[in-house]
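Working notes, structure below.
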Amino acid sequence: MSPLDALVAGLACPLPFEDEAVVQMAHGGGGRKMAQLIERVFLPAFGSDTLAQLGDGAVVTVGSERLAFTTDTFVVQPPFFPGGDIGSLAVHGTANDLAMCGAEPLGFSVGLVLEEGFALADLRRIVASMAAACTRVGAPVVTGDTKVVDRGKGDGIYINTSAIGRVRAGVTVGPDRAAPGDAILVSGPVGDHGIAVMAARAGIALETELCSDSAPVTFLVRALLDAVPETKTLRDPTRGGLATALCELAAAAHVGMCIEETAVPVRPEVRGACELLGFDPLYVACEGRFLAIVPSAAAARALAALRAVPDGTQAQCIGEVTNGAAGRVLLRTRIGSHRRLERLSGEQLPRIC
């Protein structure tokens with residue numbers, strides 16, 4: 001049975017939407033409602049086994065080469081935030097999705113939706129930021145499109161970026177490849193991006209300025225795959241954060257996972273902001289971090305490779321894959337108890353990417 005047939009078979013008598021009539025913000029938040037939307041609306045309609053794998057991008061074979069293709073749309077508010085802007089974020093996010101397929105970008109497309117009245121000075125600043133980000137990852141913008149909508153109908157600027165990349169030889173990664181005993185690594189501190197955007201949006205002056213972690217992970221992934229080509233799974237914890245990404249991977253591979261809370265790197269200022277505002281840092285989005293699942297025997301080698309790259313000096317092994325109930329992710333807390341991590345219905349912080 002194909003991946004799509006298996007999925008649709010399980011949806012033969014789907015439960016109704018929790019809210020049937022309209023799209024809600026939660027449907028774009030990376031949690032349960034977004035998964036529900038994908039499984040009950042998009043997958044049955046588009047009927048693609050490749051799409052049913054629900055990876056960060058699609059890998060297709062063209063002649064003798066494997067190519068990865070991905071697309072992403074950015075609606076972050078505000079468009080400028082500490083550590084980045086919607087332009088660089090769009091390039092970084094799309095390059096990172098390719099990296100999660102084991103690929104590096106060859107070229108980008110850019111689609112802009114601009115609202116009448118958007119300042120040209122801001123547009124120039126965003127475009128310059130995109131160009132600099134493309135230069136950093138070594139791939140140009142090769143095609144694009146621009147549309148303008150009426151004043152009051154577009155919230156300033158929305159950006160869609162797509163990219164194609166070449167998958168490196170000898171590497172096969174996927175969300176369903178984790179097995180009991182594998183080690184789970186994260187490339188750096190989590191939660192920076194979501195908290196930085198939230199603070200900028202709300203105009204909250206924190207004692208220590210928080211900066212987004214928005215950055216390409218291309219070079220970190222290159223170093224990891226050079227050292228550990230047998231890496232099994234890569235995933236960037238964007239919407240829904242680290243906890244949601246872990247739940248997705250555990251479900252895809254039909255495995256359990258156990259995470260050590262004390263091993264998860266969170267900057268003190270991010271943890272303090274989360275405590276102040278009532279957020280869980282494990283569910284706050286990152287835009288320059290990734291999860292890697294590797295054979296346990298390769299964990300030390302993987303960590304050494306990541307820590308040798310400037311953006312990976314705080315990489316950590318945070319847990320392991322278990323033979324527990326499929327899709328169940330347990331967090332061993334600081335006091336030794338266990339807490340189950342589950343997908344949120346929506347998202348703590350909407351429109352952060």
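- Asp182 places a side-chain N or O within 3.5 Å of a backbone atom of Ala179 that can act as its donor or acceptor partner.
- Val59 approaches Cys101 most closely through the heavy-atom pair CG2-CB, 4.0 Å.
- Of the inter-residue distances, the one linking Gln24 atom CD with Leu37 atom CG reads 11.0 Å to the nearest 0.5 angstrom.
- When all heavy atoms are compared, the tightest approach of Ala163 to Leu98 is CB-CD1, 3.7 Å.
- Annotation: side chain of Arg32 is in contact with side chain of Arg343 (closest heavy-atom distance under 4.5 Å).
- A side-chain donor-acceptor contact under 3.5 Å links Arg177 to the backbone of Thr172.
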- Intermediate values then yes/no, salt bridge (charged side-chain N to carboxylate O under 4.0 Å, His left out), Glu104 and Arg222: CA-CA 9 Å; Glu104 296 189 14; Arg222 182 189 298 170; 2.9 Å; yes

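- Side-chain contact between Phe46 and Leu43 is absent, with no heavy atoms from C-beta onward closer than 4.5 Å.
- Under the 4.5 Å side-chain criterion, counting only non-hydrogen atoms from C-beta, Ile157 is not in contact with Asp122.
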For side-chain contact (heavy atoms from CB on, under 4.5 Å), just list the numbers for Leu242 and Tyr283, CA-CA rounded to whole Å, side-chain angles, deciding distance to a tenth of an Å, and then say yes or no.
CA-CA 6 Å; Leu242 180 76; Tyr283 289 92; over 6 Å; no

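- Residue pairs meeting the side chain to side chain donor-acceptor pair (under 3.5 Å) criterion with at least one member in residues 68-78, sequence neighbours excluded: Thr71-Asn160, Thr71-Ser162, Thr73-Asn160.
- Remark: side-chain polar atoms of Arg351 are paired, donor with acceptor, to backbone N or O of Val75 under 3.5 angstrom.
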Apply salt bridge (charged side-chain N to carboxylate O under 4.0 Å, His left out) to residues Asp176 and Lys232 and explain how you reach the verdict. CA-CA 9 Å; Asp176 60 348; Lys232 294 184 173 184; over 6 Å; no

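- Ala223 and Val309 get closest at one heavy-atom pair: CB-CG2, 3.6 Å.
- When each of Ile126, Val148, Leu112 is tested with Phe118 by the rule side-chain contact (heavy atoms from CB on, under 4.5 Å), just one qualifies, namely Ile126.
- Arg168 contributes no side-chain N or O that, together with a main-chain N or O of Gly102, makes up a donor-acceptor pair within less than 3.5 Å.
- Between the side chain of Arg289 and the backbone N or O of Pro189 there is at least one donor-acceptor pair closer than 3.5 Å.
- With hydrogens and angles disregarded, no donor-acceptor distance shorter than 3.5 Å links the side chain of Thr244 to the backbone of Gly241.
- Between Val329 and Ile259 the shortest side-chain heavy-atom distance falls below 4.5 Å.
- No chain of hydrophobic side-chain contacts below 4.5 Å, direct or via other Ile, Leu, Val, Met, Phe, Trp or Tyr residues, connects Leu249 to Leu225.
- Contact of the Val149 side chain with the Glu116 side chain is not registered, since no non-hydrogen atoms from C-beta on lie closer than 4.5 Å.
- Listed here is the closest heavy atom pair of Ala250 and Met257: N-CE, 3.7 Å.
- Within the 3.5 Å criterion, the main-chain N or O of Thr238 finds no donor-acceptor partner in the side chain of Asp236.
- For Val171 against Pro229, the heavy-atom pair with the smallest separation is CG2-O, 4.0 Å.
- Looking only at side-chain heavy atoms (C-beta outward), Arg124 and Leu120 come within less than 4.5 Å of each other.
- With no hydrogens or angles considered, a side-chain donor-acceptor pair links Ser214 and His92 at under 3.5 Å.
- Formation of a donor-acceptor pair under 3.5 Å by the Asp85 side chain with backbone atoms of Ser88 is found in this model.
- Hydrophobic clustering, with ILVMFWY side chains joined whenever heavy atoms are under 4.5 angstrom apart, keeps Met130 apart from Val217.
- Using a 4.5 Å heavy-atom cutoff, the side chains of Val321 and Ile293 are in contact.
- For the residue pair Phe81 and Ala200, the shortest heavy atom distance occurs at CB-CB, 4.2 Å.
- Side-chain atoms of Thr161 come within 3.5 Å of backbone N or O of Ala90 as a donor-acceptor pair.
- By the criterion of side-chain heavy atoms lying less than 4.5 angstrom apart, applied directly or through intervening Ile, Leu, Val, Met, Phe, Trp or Tyr residues, Leu344 is grouped together with Val264 in one hydrophobic cluster.
- The hydrophobic cluster containing Val186 does not contain Phe290, counting ILVMFWY residues as joined when their side-chain heavy atoms lie under 4.5 angstrom apart, directly or transitively.
- Residues Phe279 and Val76 share a hydrophobic cluster, clusters being chains of Ile/Leu/Val/Met/Phe/Trp/Tyr side chains in contact below 4.5 Å.
- Side chains of Leu331 and Leu282 form a contact here, defined as non-hydrogen atoms less than 4.5 Å apart.
- Although no hydrogens or angles enter the test, the distance criterion places a donor-acceptor pair under 3.5 Å between the side chain of Glu115 and the main chain of Gly152.
- With Phe80 as the aromatic partner, Arg125 meets the cation-pi criteria of under 6.0 angstrom to the ring centre and within 45 degrees of the ring axis.
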